[in-house]
Structure formats: structure tokens, C-alpha cells
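Presented below is the structure to which this report refers.
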Amino acid sequence: MRRIHIFLLSFLCIVSSKVTATDYQKVVGGDISMLTKYYEAGKTYMDADGNRLADAPAFLAYLKAQGLNSMRVRLFVDPSKASSTHKGEGVCQDLEYVKALGKQIKDAGLHFLLDFHYSDTWTDPGQHSTPSSWNSNDPATLANYLYDYTVETLTALKNAGAEPDDIQIGNEVTVGELWPTGKCYADGKSVTTGNITGTMANFALYLKRSAEACRLVCPDAKIVLHTELSNNGWGAKTLYNTLKSYGVDYDIIGLSYYPYFHGNLSVLESVLNSLTNDFPTKKIQIVETGFYYRWGQGTVSYDISQAGQKAFTDDLITLLNRYDNVNGLYWWWLEANEWGTSTNVTTNWYYAGLWSNDNGKPCSALFSLKNFITDPARVETPFTNQRGGEDAYTLGGAKATPSTKGIVIKNGKKHIMK
């Protein structure tokens with residue numbers, strides 16, 4: 001998001017002074033996987049003063065000027081094989097797409113988190129289909145496909161000037177990956193689909209081969225193991241402990257956290273406490289989060305408004321900054337913006353990004369994100385929200401208003417109301 005009028009903010013590269021597990025910079029930013037498509041469609045991005053951000057490099061420069069220092073991009077094996085529904089929800093990021101966007105991120109002086117989906121379409125706890133071109137049900141064969149694909153992809157990104165700094169080896173792998181052979185539960189129980197039984201041994205093999213490929217091609221990159229278990233301390237501990245028993249190699253525990261899916265901040269706090277106690281040498285990152293500024297979902301502690309979105313962001317950052325081992329925060333679909341042309345980029349509009357579909361300007365929550373890496377006091381104060389006396393930990397505020405205009409409701413990827 002860099003802008004033509006960059007305000008040089010020296011805090012961009014600040015490193016946390018309280019890192020304890022490894023010497024690793026704190027990162028804050030967002031998943032901007034659709035940015036290229038929005039600009040190709042002629043959507044208009046403006047800064048807070050109404051100045052147009054003419055292109056993706058200008059957009060990235062603006063984000064950097066607001067104190068963000070890292071961007072995340074997803075990657076599918078062959079998104080042309082995805083369903084029309086999923087394509088309409090934003091499945092389009094093949095290697096060529098990610099090479100170009102990744103280079104723009106790196107050229108902007110930003111950290112780059114690559115999110116391997118290892119599928120032709122969305123992956124999450126409800127769907128993890130094996131790429132159509134990996135036509136086998138033999139775990140050893142699939143593991144070799146995965147290893148070769150990872151090596152070839154990372155090599156291509158490096159050669160294109162888009163080497164990732166962090167790498168997710170799978171997206172929300174709570175119930176395994178490469179289904180059906182790698183489908184299993186957190187405690188190691190197998191899952192049978194038709195006549196094929198998925199096992200934890202297969203899943204662990206796939207993760208280990210992914211990690212081997214990452215270490216070979218990008219030895220300085222940190223490996224992220226991502227689940228959505230931010231509301232289930234037992235499940236999170238069980239999964240990571242089970243994978244530990246199989247010798248799976250990774251550096252960072254990645255979590256998805258959406259208050260309208262996972263519950264209030266006290267739920268997240270409990271899980272963070274549990275993971276911190278059980279895995280003291282691992283860093284933890286919230287690699288997906290978000291909250292609606294319009295047309296939201298669920299009953300939450302914050303108003304569905306820009307003020308409510310900012311209040312959630314401020315409270316989340318206050319919580320995360322209490323933990324020395326939490327060193328990453330990414331806003332999901334930060335760049336969502338249908339402002340400027342009559343042609344939609346996605347089938348349904350997403351109203352929980354940090355750019356307004358109503359006027360093409362940034363939402364106020366964007367300017368809070370820098371506090372995740374620039375809060376030297378690490379202030380530990382009680383949570384407050386826009387309702388004043390109501391405890392922000394407690395669900396039960398105003399009901400979200402579901403869209404009746406067909407403009408928001410899903411994105412295949414589980415969190416879109418996604």
C-alpha cells in the first residue's frame with residue numbers, strides 16, 4: 001500500500017524488545033491476495049485525505065507509511081480447476097499471480113508471508129481437496145508431489161525477486177490436509193472416506209516434506225503451522241502435541257481468530273495462555289483476523305460500524321501485546337474494496353476489510369494496527385469498548401445486521417461471511 005506521499009515512519013522496522021524464544025521481528029499487516037484483481041477491475045483506493053492511490057505499489061507504500069510491515073498472499077496449485085462458485089469468491093492466485101504480487105511486496109520493503117493451500121481451491125477445516133494433478137492415493141507418492149511442488153514454487157519465487165520471509169505449510173490444517181489420505185483428527189484418530197482411510201501418519205509426512213522443501217530453498221524463512229483453533233485450547237494443544245510426537249518441523253503457531261466465529265477475547269486469551277505454557281519455544285501469530293464495519297454477522301461485543309471495528313482492533317492489540325511470544329498479526333482480506341466501478345470483483349462483497357466499499361477510503365481501524373509493533377509500554381489496562389461500561393470480553397451487544405441485498409455472505413473460505 002505504499003503511497004505517493006510517504007510519511008517516513010521510523011517505527012516500521014522496530015523489533016520487539018521483549019522477544020524471548022528467538023530473535024524475531026514483530027510483524028503486522030494483512031492478507032492482500034485480491035489486490036491485483038481490484039486494481040485490474042479499476043477499483044479506486046484513496047488515502048484518508050481523499051488522494052488516489054494510483055496502483056498497487058502506491059497502495060503498498062501507503063500501508064508501509066501507516067506502520068504496517070508485512071503482507072500475506074495465498075497460493076493455489078491450479079485455481080483454474082476450482083468451481084465457479086469458489087472462483088467468484090476469490091480463488092485465482094496461481095504461481096504467476098503470486099510471483100508478481102510477491103515481488104511488489106518485496107520491492108516495497110515489506111515482509112512477505114506465503115500461504116500454501118496445497119489445493120486447487122479453498123482449504124480450511126471443512127475442505128482440503130488434493131490437487132487434481134496429483135492423481136494418486138498413495139501417501140508416499142503424494143508426499144513427493146508436495147515436496148517437488150514446494151521446491152519448484154519457492155525456487156520460482158526466489159528467481160522472480162519474491163522470496164517469502166515466512167511460509168505457511170498449509171492453511172487451517174486442523175483436520176489434516178490432502179484429503180482423503182491426510183484427513184485425521186487432532187488426537188491422531190483416523191478418518192475414513194469411502195474406502196480410503198486418512199491417518200495422522202500421512203498428515204505428518206506431508207507436513208514434514210513441506211518443511212524439508214522450505215528449509216532447502218528458503219533456509220532463513222520461518223515456517224508457520226496454521227489452525228483455526230483459537231477457541232479450543234484442548235484441541236490446539238492436542239494437535240500441536242500430536243504433531244510434535246511425529247517430529248513435525250515448524251517455528252510459529254499460526255491461528256485464525258474471528259470474534260463472530262470464535263467468541264470473545266477472553267476465549268482467545270485462554271488459548272494463548274494454554275499454548276504459551278505448553279510450547280514456550282514457539283512464537284504465536286494471529287495470521288487471520290477481522291471484524292465488520294457494515295453488514296456483519298452474529299452477536300458480538302462491538303457495534304457493526306467503523307467505530308466498532310476500531311474498538312475491536314484496539315482491544316485485540318492490547319491483549320496480544322501482553323504476550324512476549326505473540327509476534328504477528330494479519331488482517332484477513334484487508335484490501336477488500338468494490339468502490340469505483342460497476343463490475344464486481346467477487347460475487348459477494350466483503351464488509352470486514354480495512355477499505356470501505358462505500359467510498360474507497362481506509363477504515364479507521366487500519367491506523368490502529370501499527371500499535372501492535374510500536375507500543376513500547378506494552379500497557380496492561382482493562383479492555384474497554386465503544387459502549388463504555390460493558391466488558392468487551394462479554395458477548396451480548398448489538399445484533400449484527402445481516403445483508404438483505406445479497407452483498408456479503410460468503411467466500412467459500414469459511415470465514416467470509418466471509
Side-chain angles (χ1 to χ4, degrees), residues 1 29-46 56 59 63 71-74 76 79 82-93 101 115 117 121-124 126 171-172 228 256-262 286-298 300 302-306 308-310 312-313 316 330-366 369 400-418:
M1 257 208 201
D31 188 304
I32 57 167
S33 297
M34 289 297 291
L35 183 65
T36 303
K37 290 297 184 181
Y38 284 117
Y39 269 107
E40 287 178 351
K43 300 305 177 180
T44 301
Y45 288 91
M46 293 185 288
F59 180 86
L63 284 183
M71 297 296 136
R72 176 184 188 245
V73 179
R74 59 181 172 263
F76 302 104
S83 68
S84 58
T85 298
H86 285 187
K87 289 176 182 177
E89 294 163 350
V91 173
C92 64
Q93 294 78 13
L101 182 53
D115 177 15
H117 275 244
T121 190
W122 297 120
T123 58
D124 57 49
N171 188 78
E172 294 187 340
E228 42 64 69
S256 294
Y257 172 65
Y258 299 87
Y260 42 85
F261 284 121
H262 298 113
I286 306 299
V287 296
E288 291 185 25
T289 194
F291 188 78
Y292 292 95
Y293 64 86
R294 243 187 104 187
W295 304 113
Q297 171 188 352
V300 295
Y302 304 94
D303 289 331
I304 306 300
S305 64
Q306 282 206 32
Q309 186 187 58
K310 183 179 186 302
F312 161 72
T313 306
L316 174 63
Y330 292 85
W331 195 276
W332 164 253
W333 208 343
L334 176 151
E335 80 288 14
N337 176 26
E338 294 283 359
W339 175 257
T341 63
S342 59
T343 302
N344 292 346
V345 172
T346 54
T347 304
N348 298 302
W349 292 11
Y350 185 52
Y351 279 98
L354 293 180
W355 248 262
S356 174
N357 290 315
D358 302 323
N359 57 24
K361 291 185 177 182
C363 297
S364 56
L366 172 71
L369 288 179
T401 306
S403 170
T404 57
K405 303 179 181 179
I407 41 180
V408 55
I409 302 290
K410 61 174 190 148
N411 168 55
K413 203 215 148 256
K414 144 177 151 318
H415 295 311
I416 293 275
M417 204 19 246
K418 227 164 175 111

Of all heavy-atom pairs linking W349 and N344, the shortest is NE1-OD1, 2.9 Å

Kindly give the heavy-atom pair with the smallest separation between G353 and A336, and that separation in Å.
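The pair with the smallest heavy-atom distance is CA-CB, 4.4 Å.
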
Is the backbone N or O of [Y] less than 3.5 Å from a side-chain atom of [X], with the two atoms forming a donor-acceptor pair by type?
| X | Y | answer |
| --- | --- | --- |
| E338 | N348 | no |
| E228 | E172 | no |
| K87 | C92 | no |
| Q93 | P79 | no |

Identify, with sequence neighbours excluded, every residue that meets side-chain hydrogen bond (donor to acceptor under 3.5 Å, both in side chains) alongside T313.
none

Would you mind reporting whether R72 and W332 have side-chain heavy atoms less than 4.5 Å apart?
yes

Contact between W331 and T289 at the side-chain level, heavy atoms closer than 4.5 Å - yes or no?
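Of all side-chain heavy-atom pairs linking T289 with W331, at least one is under 4.5 Å.
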
If the threshold is 4.0 Å, N to carboxylate O, is there a salt bridge linking D115 and R74?
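Salt bridge flag = no for R74 with D115.
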
Apply side chain to side chain contact (heavy atoms under 4.5 Å, CB included) to Y351 and I304, showing your working.
CA-CA 10 Å; Y351 279 98; I304 306 300; over 6 Å; no

Begin from the C-alpha positions of W295 and N357 and carry the test side chain to side chain contact (heavy atoms under 4.5 Å, CB included) through to its verdict.
CA-CA 11 Å; W295 304 113; N357 290 315; over 6 Å; no

What distance separates [X] [atom1] from [Y] [atom2], expressed to the nearest 0.5 Å?
| X | Y | atom1 | atom2 | value |
| --- | --- | --- | --- | --- |
| S256 | N171 | OG | CG | 6.5 Å |
| S33 | E335 | OG | CD | 6.5 Å |
| Y350 | L334 | OH | CG | 10.0 Å |

Positive for side chain to side chain donor-acceptor pair (under 3.5 Å) with E288, one of Y257, W333, Y258:
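Considering Y257, W333, Y258, a side chain to side chain donor-acceptor pair (under 3.5 Å) with E288 is found only for Y258.
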
Y45 and Y39: CA distance, side-chain angles, deciding distance, ring-ring contact (aromatic ring centres under 6.0 Å, His included) verdict:
CA-CA 9 Å; Y45 288 91; Y39 269 107; 5.0 Å; yes

Determine, step by step, whether Y302 and Q309 satisfy the side chain to side chain contact (heavy atoms under 4.5 Å, CB included) criterion, reporting the C-alpha distance in whole Å, the side-chain angles of both residues, the deciding distance to 0.1 Å, and the verdict.
CA-CA 7 Å; Y302 304 94; Q309 186 187 58; over 6 Å; no

After noting the C-alpha distance and the side-chain angles of W355 and L366, does the key distance pass the side chain to side chain contact (heavy atoms under 4.5 Å, CB included) rule?
CA-CA 8 Å; W355 248 262; L366 172 71; 3.7 Å; yes

What is the ring orientation for F76 with H117, classed by angle as parallel under 30°, tilted 30 to 60°, or perpendicular over 60°?
tilted

Just by distance, with hydrogens left out, do N359 and W339 show a side-chain donor and acceptor under 3.5 Å apart?
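W339 and N359 do not have a side-chain donor-acceptor pair below 3.5 Å.
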
Which residues share a salt bridge (Lys or Arg N to Asp or Glu O under 4.0 Å) with K361, sequence neighbours left out
none

